[in-house]
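Each chain gets a letter, A, B and so on, in the order its sequence line appears, and its residues count up from 1. The structure presented is a predicted model; accordingly, all values stated were derived computationally and were not measured.
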Number of protein chains: 2
Amino acid sequence: MARRKTDSDWVQTAFSSLREAGYRTGGARSQVVELLGCEDCALTALEIDRRLRAVGRASVYRTLEQLEGLRLVQRVDLGGEAAGYERVSPGGHHHHHIVCESCGKVVPFEDPGLERAIKRVSLEASFEVAEHDVTLRGICARCNG
Amino acid sequence: MARRKTDSDWVQTAFSSLREAGYRTGGARSQVVELLGCEDCALTALEIDRRLRAVGRASVYRTLEQLEGLRLVQRVDLGGEAAGYERVSPGGHHHHHIVCESCGKVVPFEDPGLERAIKRVSLEASFEVAEHDVTLRGICARCNG
DNA sequence: ATCTGTGCAAATAGTTTGCATCCTC
DNA sequence: GAGGATGCAAACTATTTGCACAGAT
């Protein structure tokens, strides 16, 4: 699920957006951005904190909040106790998740038809819709025996 | 958003499902079920606890967990700090949510086309998909000025 | 009578905040 | 040098658990 290939476009974009937004470039924030850049699916704040020993937990949360505000990162609830965060490629395709209720496995998927349906609903709504997320829950093939 | 008309079908079903599942009928659980039965959109555990003064908080959480396990209730993450819970009418239509990122307002919506798209994805997936939820986030008309 | 359900209080887990210090601009 | 960025520890909030007692079957 986790790709080791960094999405340097996103990392690049993230840094410039942060700069434009008036944030200075400190070590903690950069590390969080870099980490999110090489992870394709959701990571919880605690996982990030665990992987980034040198970074304080508070900084992880603060950075995630800022990135979320700039829509560079999206928060997703995958049913576990902690919230997940994953990068959003501006304009690029994004994915949704299927979660196994038995073993907790999370699998990402994409579906153009689903995106179209959501787009349509978004346009009809009285809200100005900026983002969306979809979560399917069920039992994975392995757990299903 | 909150209807005052109890969905007695659901309440009925909930009680029989609970009984079938081997749960005894105690006062706390009944009160939670009744409350969920007359609320059409999501309620947090804390809201339920607040409204049901006589019921212990732990019982609220325990009941919600049991109901969720029986798929009588669905947990939804609406971005706030607490998780929301709302009843699921077996076989009946369900709704999704649009959340205002500015004022927190939650508006439910239904869309057959969206449901179809999700149905299709569910069938294609390697998982045995049992439920799903969709959340749109944006700015409501009022906040948008 | 038995064994589950319930409330209370304590324990956890995740997240946020206060503050002194460090570092970027 | 000034003001944001960071780490640490304390504070909070939501949720879970332990346990003695009440209540359902």
Would you find a donor on one side and an acceptor on the other, under 3.5 Å apart, between the side chain of [X] and the backbone of [Y]?
| X | Y | result |
| --- | --- | --- |
| B:Glu115 | B:His95 | no |
| B:Arg87 | B:Leu36 | yes |
| B:Arg57 | B:Ala45 | no |

Residue closer to the 5' end of DNA chain D, A:Thr63 versus B:Ala83 (nearest nucleotide):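 That would be A:Thr63.
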Given that B:Glu65 and B:Gly27 both sit by DNA chain D, which one's nearest nucleotide is further toward the 5' end?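 So the residue in question is B:Glu65.
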Any side-chain N or O of [X] below 4.0 angstrom from OP1/OP2 of [N]?
| X | N | value |
| --- | --- | --- |
| B:Tyr61 | D:dT16 | no |
| B:Ser59 | C:dG5 | no |
| B:Arg29 | C:dG5 | yes |

Using heavy-atom distances to pick each residue's nearest nucleotide on DNA chain C, tell me which of A:Ala45 and A:Arg62 is more 5'.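 Nearer the 5' end of the strand: A:Ala45.
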Find the distance between CG (A:Leu114) and CG (B:Leu114) and round it off to the nearest 0.5 Å.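 One finds 6.5 Å between CG of A:Leu114 and CG of B:Leu114.
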Side chain of [X] only, heavy atoms from C-beta on: which candidate in [options] is closest?
| X | options | result |
| --- | --- | --- |
| B:Ala58 | D:dA5, D:dC8, C:dC8 | C:dC8 |
| B:Glu81 | C:dG14, D:dT13, D:dT25 | D:dT13 |
| B:Ala28 | D:dT15, D:dG7, C:dG7 | C:dG7 |

